[in-house]
Amino acid sequence: MSMLHLVNKSPYERNSLDTCVGYVKAGDTLLLIEDGVYAAMSGSKAAAKLSGLDVAVLGPDLAARGIGEDRLIDGVTVVDYAGFVDLATDKDKVQSWL
Amino acid sequence: MAIEVNGKVFETDEEGYLADITQWEPGVADIMSKEDDLTLTDEHWEIINFLREYYEEYQIAPAVRVLTKAVGKKMGKDKGTSKYLYALFPYGPGKQACRYAGLPKPTGCV
Amino acid sequence: MSTTKKFMYVNRKAPYGTIYAWEALEVVLIGAAFEQDVTLAFVDDGIYQLIGGQDTSGLEMKNFSPTYSALGDYDVKKIYVEKESLEERGLSIDDLQHLTWEDEDEDYAEKDSIQVVTRAEMADLFADSDVMFNF
């Protein structure tokens, strides 16, 4: 069983990322979208929470917020909307941490 | 509401502002000014084009005070006065000129 | 003669995820159009509003980041960004837009609008204002 976890809220405003990472298992992927993408910025307080996880971020949401891919922590995959769909279909389930 | 320009229909809001700024073409200003019994001169167009450039750069329609100051800086102090702008656009340079330019009503105008 | 009050607008929300940032900017422009003494504060996620190079074409949303550059035209010259909020997010002032205002008394010399202040300094600024608007 594998799961795609979605987080769309800023890690500094809500606790959805904190809660979510406690439930991520091996083989799962965490996809950050909307204000959730801020968590993947290198040098940020939230980035430490992502270590050891398979993390993807949605490219259009990064661009909208002025975050270049060079500003992300290492090992993060940037996906477009098609990549989002691929992730959702590759995994057995999708869980959205609203 | 809507206006028709050369057979093309443009949606407007209840106050006559264009619904979609990207649809704008000069004919829109011509039709709108005709309805106000106003003939557009080069001086009018100078302001209309200036407003379009301002929106392009800042994504807002400037308040009258800001427009007046910016016009003065770009086109000379004699044009950067409310007297000059109100003479061109008697219904208010903010409201009327923005409407002709296809912009939304200036933020802060009532 | 009307009295001018010191208006403080506190921005704490990231852009695009919610409508707060854009609504705040519109309210600021309205207040400034009526020639009030306007100060803007960016704390917490609010500082994300000022990041440069925003491109919303992939979201089909209005990119309102260019509008911050118009603040100078509206005589909004005091924009404070909190140091602690920047650091927590791995950001520095270099990541933010360069916002300026023109000093008419000095032949339209461009002057910086943004100042980075500490949380304690920000608290003093809040204390010094007459009216606070929180977004």
Side-chain angles (χ1 to χ4, degrees), chain B residues 11 13 15 17-24 46-47 49-82 84-86 89 91-99 101-110, chain C residues 2 4 7 9 15-16 19 21-38 40 49-50 52-57 59-77 97-110 113 133 135:
Chain B
E11 292 292 322
D13 67 14
E15 292 178 283
Y17 293 83
L18 219 57
D20 180 1
I21 182 175
T22 62
Q23 281 199 325
W24 185 88
E46 195 177 31
I47 303 300
N49 289 327
F50 180 81
L51 280 168
R52 291 195 57 82
E53 285 164 24
Y54 194 94
Y55 190 89
E56 179 66 29
E57 184 169 358
Y58 299 114
Q59 299 295 304
I60 48 163
V64 182
R65 181 173 65 88
V66 174
L67 172 68
T68 310
K69 205 165 73 174
V71 165
K73 200 190 157 201
K74 177 131 189 248
M75 303 169 195
K77 285 260 186 255
D78 50 328
K79 292 186 177 180
T81 65
S82 8
Y84 176 79
L85 293 172
Y86 272 93
F89 299 99
Y91 294 107
K95 288 186 200 176
Q96 197 175 10
C98 284
R99 195 160 52 84
L103 270 53
K105 194 158 100 168
T107 305
C109 263
V110 281
Chain C
S2 64
T4 305
F7 283 21
Y9 295 87
Y16 311 120
I19 196 72
W22 171 239
E23 294 274 318
L25 192 49
E26 286 207 297
V27 172
V28 166
L29 295 174
I30 292 167
F34 288 97
E35 303 190 45
Q36 298 296 326
D37 178 356
V38 173
L40 268 58
Q49 293 176 31
L50 298 177
Q54 297 175 26
D55 174 7
T56 59
S57 53
L59 300 190
E60 293 179 19
M61 284 177 83
K62 180 188 174 90
N63 177 3
F64 55 85
S65 63
T67 306
Y68 293 97
S69 300
L71 287 169
D73 292 346
Y74 282 77
D75 287 327
V76 176
K77 307 162 186 176
Q97 294 192 58
H98 184 219
L99 300 182
T100 57
W101 61 280
E102 292 174 343
D103 194 337
E104 283 176 63
D105 300 333
E106 289 183 27
D107 196 24
Y108 296 104
E110 282 205 348
S113 308
F133 295 92
F135 293 92

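First the proteins, then the strands, lettered A, B, ... as listed; each starts at 1.
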Cut-off 4.5 Å, heavy atoms of chain B, and the answer for C/Tyr68 is neither

Checklist entry - Do B/Ile60 and C/Glu26 touch side chain to side chain, with heavy atoms closer than 4.5 Å? => result no

Exercise for the section: Determine whether B/Lys69 and C/Asp75 make a side-chain contact, defined as any pair of heavy atoms from C-beta on separated by less than 4.5 Å. Expected result: yes

#### Entry: Any donor-acceptor N/O pair, B/Tyr58 side chain to C/Phe64 backbone, under 3.5 Å
no

query: When you measure from the side chain of C/Lys62 to the backbone N and O of B/Gln59, does any donor-acceptor pair fall under 3.5 Å?
result: yes

Criterion side-chain contact (heavy atoms from CB on, under 4.5 Å) on B/Arg65 and C/Asp73, from CA distance to verdict:
CA-CA 9 Å; B/Arg65 181 173 65 88; C/Asp73 292 346; over 6 Å; no

